[in-house]
Amino acid sequence: MKESVIMPDENNSSELTNELIYRKYLMNSEQRRQFFRELNMPEYIAMHIIAETASKETIYSGRTYLKDISDKMQISIRQTSKIIANLRDRGLVQWAHDGNGADGTYVIITDSGKNLMEKQETMLKDYYGRVIDKFGIKKMIQLLQMMKELETVMSTELEETEELTNDNE
């Protein structure tokens, strides 16, 4: 469904805020429904981290530690464990630990997991390849750089807000 785009008044921060939230919602919800049927987005990101680590970090023999996944996804170990448990239960990863578990818990992607990742990545690459061709690679790079800058500003602002809240308690 196409919509008419009404640009917010640049002098009205409330309109800009609402437009930003709305755009982020639309991007996430539409693309999730379209492309993340077999894996949800957090599972896909975790699988991507696992596959990437396995291919680049030969020292770990294909192992990706839960702590590394948690750090890269910026979520708690508990949330990471829940994602990995779902992937394990579907046969996409093997979950094990070093020694008695105190030295680290890790996962290894299975052949089924590799096949699903390849399928998912092909679908995303095809779609985003067409989007980038139409939008323009230079514009896409600029947009991604600006999004990263925005995320940094938002994170800093959130940290400062939390510090103010803690100071006032």
Side-chain angles (χ1 to χ4, degrees), residues 20-21 23-132 135 137 140-163 165-166:
L20 177 62
I21 291 167
R23 292 289 152 204
K24 187 170 178 168
Y25 165 77
L26 284 181
M27 271 186 105
N28 289 337
S29 66
E30 285 302 315
Q31 290 172 352
R32 269 196 312 259
R33 279 195 296 270
Q34 183 69 25
F35 295 111
F36 295 98
R37 293 185 179 151
E38 293 184 64
L39 290 171
N40 64 38
M41 194 175 297
E43 290 172 341
Y44 171 76
I45 292 169
M47 290 284 289
H48 181 75
I49 291 167
I50 295 164
E52 187 174 69
T53 302
S55 70
K56 290 183 179 179
E57 304 290 337
T58 56
I59 192 170
Y60 295 124
S61 304
R63 298 175 180 176
T64 305
Y65 288 85
L66 256 58
K67 171 121 179 58
D68 295 333
I69 298 168
S70 173
D71 290 346
K72 287 182 181 180
M73 291 183 71
Q74 299 179 10
I75 59 176
S76 70
I77 290 289
R78 185 175 185 185
Q79 291 170 306
T80 305
S81 295
K82 189 174 180 180
I83 292 167
I84 297 304
N86 288 333
L87 295 172
R88 179 202 57 211
D89 293 348
R90 291 169 30 217
L92 303 174
V93 298
Q94 294 174 341
W95 191 354
H97 55 81
D98 291 329
N100 64 3
D103 297 326
T105 306
Y106 63 87
V107 293
I108 298 172
I109 194 166
T110 63
D111 288 339
S112 295
K114 287 177 190 174
N115 292 337
L116 184 55
M117 278 300 296
E118 288 172 9
K119 179 181 169 185
Q120 185 74 45
E121 287 178 343
T122 298
M123 186 174 25
L124 290 169
K125 184 179 175 186
D126 290 347
Y127 171 74
Y128 282 107
R130 292 189 310 272
V131 168
I132 291 168
F135 188 69
I137 193 160
M140 182 61 75
I141 290 169
Q142 289 173 332
L143 176 62
L144 293 172
Q145 288 170 337
M146 291 174 70
M147 289 171 72
K148 189 172 183 175
E149 287 176 38
L150 177 60
E151 192 64 38
T152 299
V153 170
M154 291 171 69
S155 295
T156 302
E157 185 61 30
L158 185 59
E159 288 170 9
E160 290 173 3
T161 301
E162 288 173 355
E163 287 174 12
T165 302
N166 292 336

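The analysis underlying the following values was restricted to heavy atoms, covering all of them including side chains, and did not include hydrogens, waters or symmetry mates. Model, not experiment: these values are computed from the prediction.
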Minimum heavy-atom distance Pro42-Ile83, with the two atoms named: CB-CD1, 3.7 Å
Exam field: side chain Glu118 to backbone Asn115, donor-acceptor pair closer than 3.5 Å: no
In short, Ala46 meets Leu87 closest at the heavy-atom pair CB-CD1, 4.4 Å
Reported CD-to-CD distance for the pair Glu157 and Glu162, which is rounded to 0.5 angstrom: 11.0 Å
Atom pair CD (Glu149) and CD (Gln142), whose distance is rounded to the nearest 0.5 Å: 10.5 Å
Taking 4.0 angstrom as the limit, do Glu38 and Lys119 come out as a salt bridge? yes
Roughly how far apart are Tyr127 OH and Ile132 CD1, rounded to 0.5 Å? 10.5 Å
Shortest non-hydrogen separation from Tyr106 to His97 and the atoms involved: CE2-C, 3.7 Å
Are side-chain N/O atoms of His48 and Glu121 paired as donor and acceptor at under 3.5 Å? yes
Examine distances only and state if a side-chain atom of Thr156 and a backbone atom of Thr152 form a donor-acceptor pair shorter than 3.5 Å. yes
For Lys114, check side chain to side chain contact (heavy atoms under 4.5 Å, CB included) against everything at least two apart and list the hits. Ile109, Asp111
Could you tell me whether Leu144 atom CG has more than 12 heavy atoms of other residues or ligands within 6.0 Å of it? yes
Are Lys67 and Asp71 within salt-bridge range, i.e. N to O under 4.0 Å? yes
Nearest 0.5 Å, what's the CD1-CG distance between Ile84 and Asp89? 11.0 Å
Side-chain donor/acceptor of Ser112 to backbone N/O of Leu92, under 3.5 Å: no
Got Lys72 and Ile45 here, is their nearest side-chain heavy-atom distance under 4.5 Å? no
Please check: side-chain N/O of Thr105 versus main-chain N/O of Leu66, any donor-acceptor pairing under 3.5 Å? no
Among Thr64, Val107, Asp68, Thr80, which residue satisfies the side chain to side chain contact (heavy atoms under 4.5 Å, CB included) criterion with Ile49? Thr64
Gap between atom CE of Met147 and atom CE of Met154 - 0.5 Å precision: 10.0 Å
Run the numbers on Glu43 and Arg90 for salt bridge (Lys or Arg N to Asp or Glu O under 4.0 Å), then give the verdict. CA-CA 11 Å; Glu43 290 172 341; Arg90 291 169 30 217; 2.9 Å; yes
Under 3.5 Å, is there a donor-acceptor pair between the side chain of Thr53 and the main chain of Ile50? no
Drop me the distance from Arg88's CZ to Ser81's OG, to the nearest 0.5 angstrom. 9.5 Å
